[in-house]
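Here the structure comes first, spelled out in structure tokens, and everything after it is commentary.
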Amino acid sequence: MIIKISVAGLQPGMCLVNPGLQQQDHPEICLRDLQVEDAAQIQELRDRHFTDVFIDTDKGPYFRERPEEKVRMERMFSQVSQENPTAVASAPPFDAVAAVLPRADAQYTQLVQYCRTFLEQIKLAGAIDLESSESFVQDVIAREGPSGHAMYLLSKLRSYDEYTYTHTLNVSLLATLFGKALGLSQDNLMVLGLGGLFHDIGKMLVPEKILKKPGSLTAKEMEEMRRHPEYGARLLRERGDVAAPVLRVVLEHHERHDGKGYPRGVGNGQLAHASQLMAIVDCFDALTSDRFYARAVHQHKAVCIIYNLRGSSFSPPMVDRFIRFVGIYPVGSIVVFRNGMKAIVIEQNERSLLHPKVRVILDNRNRYCPPRDVDLAEVRHTDPNFAITECLSSRDCRIHIDAYMKAPG
Ligand SMILES: [Fe+2]
């Protein structure tokens with residue numbers, strides 16, 4: 001498990017991990033991999049004005065010395081998991097998504113192409129095609145059933161090397177799907193869809209050498225990068241016909257719950273709900289995508305990172321709703337059990353997100369076995385072998401989950 005702790009709580013032996021967040025969004029967090037060897041290293045972090053770090057609790061003494069803390073963390077997760085089960089619809093099951101996957105493949109490629117043209121036009125001519133953007137979002141909103149989810153799952157299963165375009169599409173898609181799960185009105189869904197599509201258009205005005213720099217940015221480069229919400233809002237304002245709530249999402253998508261975001265540093269109470277939602281969706285999709293400066297993390301890890309930023313970067317009720325929507329172990333994740341068996345998460349459990357329904361595909365010796373479906377909520381008290389110890393991405397363990405998308409007969 002990776003958790004955020006304060007630098008004051010660091011001890012030699014602990015393992016710092018870089019969760020893949022961007023330094024310009026979290027200047028107070030030390031974002032690097034480091035095994036802490038002595039007190040001098042901790043002092044160095046203090047001297048550089050870092051107040052927080054992410055650590056991997058599986059690699060150091062943290063939970064060994066604080067077993068009560070582990071229980072507390074798990075309890076917090078299960079609180080999110082069990083509160084208000086009917087307020088947010090969770091993502092559809094794996095088999096329903098799988099049934100529409102072949103069609104979704106071609107549709108996703110088409111939509112990426114749309115985003116490429118849309119962003120290139122802004123870059124070359126500063127022109128925003130509002131009409132076609134609205135009909136693009138209308139099309140996403142009108143999709144019934146699991147086709148939107150299928151496209152999103154696909155984007156995480158395949159390797160796409162055009163992050164700028166796929167991220168734009170994914171944020172618009174995921175924000176709209178999340179908004180639908182919350183039961184929002186058509187007007188609000190349009191704000192989310194357009195807000196997602198437009199959120200980073202200001203980056204088209206940031207020099208490419210800064211955007212695609214693989215290493216850390218200089219203070220000046222960071223300052224320029226942090227201007228992109230204002231650049232984007234200005235482009236939209238100049239058009240004169242973009243709805244104010246959409247403009248606000250673009251301007252506020254890097255503002256944070258604790259007021260430590262940018263460009264204005266306004267916090268809770270001053271931020272639109274749509275902006276709070278967009279901030280989480282933007283972060284989740286960025287973390288789970290391969291970018292110029294960081295490799296994708298799997299969806300469960302991204303959920304944990306977002307959970308750790310609950311109350312600081314992100315609005316707690318919005319984080320809770322988001323986790324209810326995607327799950328603690330999102331559909332399509334690979335989970336490893338105590339005895340080594342591996343399974344694909346195929347459906348969330350309304351009663352407890354910590355115990356999803358799974359399809360077991362590898363036995364305890366890592367050999368493929370006839371797939372069988374297990375509801376972890378049903379076996380949690382009777383079979384200790386089904387305790388989840390780890391979550392992996394299908395890419396990391398080279399499992400082609402497409403092959404398991406049909407329910408076992
Ligand atoms: Fe952004």
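Order of appearance sets the numbers: ligands from 1, and atoms from 1 within every ligand. Below, all heavy atoms of this structure are taken into account, side chains as well, without hydrogens, waters or symmetry copies. Numbers here are sequence positions counted from 1.
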Check your understanding: Which N/O/S atom belongs to Asp200 and is the closest one to the Fe ion (ligand 1)?
Key -> OD1
Practice item. Work out the angle at the Fe ion (ligand 1) between NE2 of His253 and NE2 of His228, rounded to 10°. Key: 100°
Practice item. Using distance alone, with no hydrogens and no angle criterion, decide if Ser132 and Tyr114 have a side-chain donor and acceptor under 3.5 Å apart. Key: yes
Check your understanding: Is the distance from the Fe ion (ligand 1) to the nearest N/O/S atom of His254 under 2.8 Å?
Key -> yes
Practice item. Answer with yes or no whether the side chains of Tyr262 and His254 bring together a donor and an acceptor at under 3.5 Å. Key: yes
Practice item. State, yes or no, whether a side-chain contact exists between Ile328 and His300 at a heavy-atom distance under 4.5 Å. Key: yes
Practice item. Using a strict cut-off of less than 4.0 Å between a Lys/Arg side-chain nitrogen and an Asp/Glu carboxylate oxygen, indicate whether Asp139 and Arg143 qualify as a salt bridge. Key: yes
